[in-house]
Protein chains: 4
Amino acid sequence: MYVLSPQEKEAKKQLIAAAASKLFQKNDFNKISMARIARESGVAKGTLFNYFKTKESIFMYLLLSGYQDYLKDVLLRFQAAENITTWSAFSSFLLEQNHLLISKRPDLLRLNALRGPILETAADKEQTLLGRKKLYQVNHQLGQAIAKRINILDDKQASHLFIIQSAIISGLMNMMNLDEFHHDQLPVDFKGFQIDLEQEANQLMLFYLQGLAQKLGGAK
Amino acid sequence: MYVLSPQEKEAKKQLIAAAASKLFQKNDFNKISMARIARESGVAKGTLFNYFKTKESIFMYLLLSGYQDYLKDVLLRFQAAENITTWSAFSSFLLEQNHLLISKRPDLLRLNALRGPILETAADKEQTLLGRKKLYQVNHQLGQAIAKRINILDDKQASHLFIIQSAIISGLMNMMNLDEFHHDQLPVDFKGFQIDLEQEANQLMLFYLQGLAQKLGGAK
Amino acid sequence: MYVLSPQEKEAKKQLIAAAASKLFQKNDFNKISMARIARESGVAKGTLFNYFKTKESIFMYLLLSGYQDYLKDVLLRFQAAENITTWSAFSSFLLEQNHLLISKRPDLLRLNALRGPILETAADKEQTLLGRKKLYQVNHQLGQAIAKRINILDDKQASHLFIIQSAIISGLMNMMNLDEFHHDQLPVDFKGFQIDLEQEANQLMLFYLQGLAQKLGGAK
Amino acid sequence: MYVLSPQEKEAKKQLIAAAASKLFQKNDFNKISMARIARESGVAKGTLFNYFKTKESIFMYLLLSGYQDYLKDVLLRFQAAENITTWSAFSSFLLEQNHLLISKRPDLLRLNALRGPILETAADKEQTLLGRKKLYQVNHQLGQAIAKRINILDDKQASHLFIIQSAIISGLMNMMNLDEFHHDQLPVDFKGFQIDLEQEANQLMLFYLQGLAQKLGGAK
DNA sequence: AATGAATGAGGGTTCATTCAT
DNA sequence: CATGAATGAACCCTCATTCAT
């Protein structure tokens with residue numbers, strides 16, 4: 001135990017990341033201190049830095065590995081749903097993924113918004129690039145699986161759909177809650193600013209898919 | 001000078017905001033200190049706090065007033081283009097606005113991503129609500145002007161388009177530059193992550209407009 | 001008082017420096033924390049950084065301003081001792097300064113040893129250069145005053161004597177206390193390592209002055 | 001290999017010391033971490049502490065064993081130069097040693113300055129005393145060898161010369177590079193602060209030897 | 001004897017904010 | 001109303017050292 005195997009090391013990394021993730025469910029990035037992550041994960045503060053170079057690295061890791069997990073899940077679900085072969089069935093499938101992403105992984109979407117302006121300024125470059133590479137691979141793999149069944153799409157186009165999906169949802173999140181202020185509901189007005197995230201995301205995605213189908217040449 | 005007129009006060013507020021805005025062109029939020037804003041605007045640090053309650057308030061102000069300016073400009077341009085009466089012409093008009101927003105006001109989109117997770121946690125609530133109210137009004141006014149000419153849309157729907165526009169662009173920005181790392185171009189791979197922001201935004205907007213038109217019942 | 005005059009600012013800088021100096025009498029550099037300097041000087045920790053960029057800057061300032069003070073004192077004493085005109089009288093004068101430097105300003109000699117390896121790695125460059133310039137000037141001024149009365153020396157040579165003086169004493173200090181260990185007297189042996197600093201410094205200085213006089217051509 | 005012979009242990013100690021020494025050629029004490037020494041020497045961090053109680057102990061060891069080596073070399077060179085019997089020849093010999101010390105072992109002089117203020121505060125007392133005792137012996141041995149040939153000196157006086165030598169050079173080093181700042185050459189001025197270490201050391205040593213000779217009664 | 005993961009005190013430093021003038 | 005000196009909590013992070021294996 002005093003010379004940890006790579007698996008054990010990975011497990012501890014996950015442990016720390018999980019603690020950070022848990023805290024991120026209910027707190028803003030700035031409110032989460034390394035001390036608190038240490039406490040939450042049950043390790044010493046210094047230990048954190050044996051596994052992640054900076055605070056930002058932890059959250060970047062959360063983002064990238066979280067997205068990998070999400071895409072892997074999508075792939076599994078796609079492979080399980082063998083009957084999805086038509087564009088229309090595929091569209092429905094994608095909208096279901098919208099639902100899952102929004103309801104199960106809102107943290108990814110919040111991290112997404114922080115990536116450029118906050119995380120990337122201090123995250124470990126090497127780790128980030130490795131994470132992106134893996135993410136890229138999973139994304140590509142998913143694209144291939146889809147392209148194999150949905151004729152109208154090639155693998156690149158299929159992969160790209162998930163970039164667009166994230167953009168749509170993450171962008172709508174950026175525009176949300178203009179009828180609130182830091183979790184306080186505002187008294188009146190601002191109804192025009194209200195957004196039902198999922199419904200809006202579905203509509204936008206649907207229109208996008210329709211437009212794309214038409215552009216790509218054909219089918220319904 | 002010991003009792004400033006409202007105009008003078010407003011002018012100084014703008015002065016400070018302008019300095020912050022200028023710094024934000026080239027720096028991340030976290031890298032901009034109040035001291036630097038004071039230096040840039042030529043006032044003392046303490047003076048900043050006579051005009052803005054917190055640092056976040058400055059940037060929230062930048063976001064809200066910037067969006068107002070943008071929407072007012074859109075309104076002016078729409079009013080100037082009297083020939084826009086068809087859905088198709090209107091669609092083109094909106095895509096032009098995409099271009100302008102992306103090329104002239106990228107700061108607004110970056111601020112957008114910070115709004116929820118960073119700015120709102122510490123911004124002046126009163127000022128923010130006032131700003132939003134004004135923004136709401138401009139947005140509504142714009143919607144009305146559009147609805148008057150574009151039959152298919154009512155004013156709410158027209159106003160809403162600009163929420164969607166920002167969501168689209170801001171969301172795509174969140175997904176951008178995955179082929180870079182903090183302004184450094186990455187050597188290889190990651191091409192699948194590349195996004196041409198404007199082209200992508202235009203396509204997404206276009207598909208959305210097409211879908212919307214179809215849904216709303218009619219034309220082109 | 002809320003806009004401090006340069007004199008007042010300088011006074012506060014001195015206040016902080018004095019606190020650091022006092023702590024340095026009895027503690028090693030590494031054992032003196034900024035928190036302690038703050039406590040000792042009665043200001044907040046943050047205030048320290050309004051006056052000195054880094055911890056090392058404080059001690060560099062101590063060294064440079066301390067040496068200035070020392071050289072100014074030497075100058076005053078030299079000017080007061082109008083009867084010093086011969087080389088022999090001047091030699092005695094210099095040996096007296098040895099005594100004063102060793103007994104009154106051992107801190108300068110300890111700081112001297114830290115300058116290169118510790119202080120210079122993190123001291124404020126601008127402040128350091130300014131301090132050196134002033135020191136240079138005082139040193140030069142002293143050299144001029146001496147050269148005017150002691151024919152055998154020109155001003156450069158006279159100035160240089162004080163560099164040599166410091167080198168001698170500071171070097172001997174480096175070799176001292178080999179019969180102790182961190183302030184504990186060692187039981188036996190090591191007598192050959194014993195150094196009576198002042199006596200040794202005087203002897204070395206004296207031999208140097210004799211040699212120099214001979215070399216410069218004459219007297220004694 | 002689970003019970004190391006004294007030779008093996010000594011070898012590993014040397015290995016570690018050599019790594020530290022190598023790092024010290026190019027880095028300041030504070031910049032050298034135990035982790036780096038471990039990496040450089042190819043052993044684990046924990047192993048370092050099997051051979052040295054503290055970081056400071058390593059560098060203290062470097063200093064003391066380095067000086068021993070130096071003095072042993074001096075002794076060898078003196079024994080090899082059988083023709084050195086006159087004071088004048090001996091003076092020349094000592095100046096040659098100046099050159100060698102300065103050019104080959106600047107690390108010893110830098111460590112010298114750190115000894116009191118940094119190393120001694122945390123070095124292993126036992127090891128340090130042992131090292132000093134050995135050093136003392138070598139120093140004494142050297143003194144004896146010299147005294148045997150140079151009539152004017154007794155062994156104590158001869159030994160003492162090397163203390164003075166180190167004091168001179170180490171003190172001059174403390175005063176050096178005032179025309180630089182942390183390895184950056186300064187633009188102008190400060191020429192009066194320039195020191196040619198070797199030339200200055202030779203002069204000071206020479207004058208000292210002359211003075212000593214005169215004092216001891218005669219020759220030259 | 002060797003390892004290297006874990007420790008955690010302590011470090012220096014930053015910076016938004018306050019408030020006496 | 002403007003100033004900028006003072007604040008001090010909070011920050012992230014380093015690193016020598018320990019010790020279970």
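In this text, all values refer to a predicted model and were calculated from it rather than measured experimentally. Lettering follows sequence order; numbering is per chain, from 1.
Counting heavy atoms of neighbouring residues, nucleotides and ligands inside a 6.0 Å radius, atom NZ of A:Lys53 does not exceed 12 of them. In the displayed structure, C:Lys125 atom NZ is contacted under 6.0 Å by more than 12 heavy atoms of other residues, nucleotides or ligands. Residue-environment remark: CD (B:Glu10) exceeds the threshold of 12 foreign heavy atoms within 6.0 Å.
Distance, A:Arg36 CZ to F:dC12 C1': 16 Å, rounded to whole Å. For the pair A:Ile16 CD1 and E:dT7 P, the computed distance is 9 Å after rounding to whole Å. In this structure, CD of A:Glu8 is placed 17 Å from P of F:dA20, rounded to the nearest angstrom. Look at CG on C:Leu4: it is 11 Å from C1' on E:dA20, rounded to the nearest Å. If you take CG of D:Leu48 and P of F:dT18, they are 13 Å apart, rounded to a whole angstrom. Counting to the nearest Å, the P atom of E:dA1 and the OH atom of D:Tyr51 are 7 Å from each other. A straight line from CD1 of B:Ile37 to P of F:dG4 spans 17 Å, rounded to a whole angstrom. Separating the CD1 atom of B:Ile118 from the C1' atom of E:dC15 is a distance of 16 Å, rounded to the nearest angstrom.
Summary of the strand contacts: B:Ala35 and C:Thr54 both lie near DNA chain E, and taking for each the nucleotide with the nearest heavy atom, the more 5' one is attributed to C:Thr54. Between A:Gly42 and C:Phe49, the residue whose closest nucleotide on DNA chain E is further toward the 5' end is A:Gly42. Nearer to the 5' terminus of DNA chain F, by closest-nucleotide assignment, is the contact made by A:Glu56 (compared with the other of A:Glu56 and D:Glu56).
In the set E:dA16, E:dA2, F:dT7, the nucleotide with an atom closest to the side chain of C:Thr47 is F:dT7. Closest to the side chain of C:Ala44, out of E:dA2, F:dT7, E:dT13, is F:dT7. Across F:dT17, E:dT17, E:dT14, the shortest atom-to-atom separation from the side chain of B:Met34 is found for E:dT17. The listed nucleotides are E:dT14, E:dT3, F:dA2; the one nearest the side chain of D:Val43 is E:dT3.
Look at C:Glu120 and C:Arg132 and you find a salt bridge, because one of the NZ, NE, NH1 or NH2 atoms lies within 4.0 Å of a carboxylate O, short of that distance.
In a base pair of the Watson-Crick type (N1 to N3 plus N6-O4 or O6-N4) or a G-U wobble (N1-O2 and O6-N3), with each distance short of 3.5 Å, F:dC15 is matched with E:dG8. Remark: E:dA20 base-pairs with F:dT3; criterion is Watson-Crick or G-U wobble with both hydrogen-bond distances under 3.5 Å. In this entry E:dA1 has no Watson-Crick or G-U wobble partner, no candidate having both defining distances under 3.5 Å.
Using a 4.0 Å heavy-atom criterion, one finds that D:Ile32 contacts the sugar-phosphate atoms exclusively.
Remark: B:Lys12 is in phosphate contact with F:dA2, judged by side-chain N or O atoms under 4.0 Å from OP1 or OP2. Taking 4.0 angstrom as the limit, B:Asn50 places a side-chain polar atom (N or O) nearer than this to OP1 or OP2 of F:dA2.
Residue A:Lys45 places a side-chain atom within donor-acceptor reach of the base of E:dG10, judged by atom type and a 3.5 Å distance cut-off alone. One cannot find a donor-acceptor pair under 3.5 Å joining the base of E:dT13 and the side-chain atoms of C:Lys55.
For the side-chain contact (heavy atoms from CB on, under 4.5 Å) with C:Ser21, the lone residue among C:Leu111, C:Ile16, C:Asp107 that qualifies is C:Asp107.
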- Message: The test is side chain to side chain donor-acceptor pair (under 3.5 Å); show your working for A:Tyr51 and A:Gln14 and say whether it passes.
- Response: CA-CA 10 Å; A:Tyr51 290 89; A:Gln14 299 286 356; over 6 Å; no

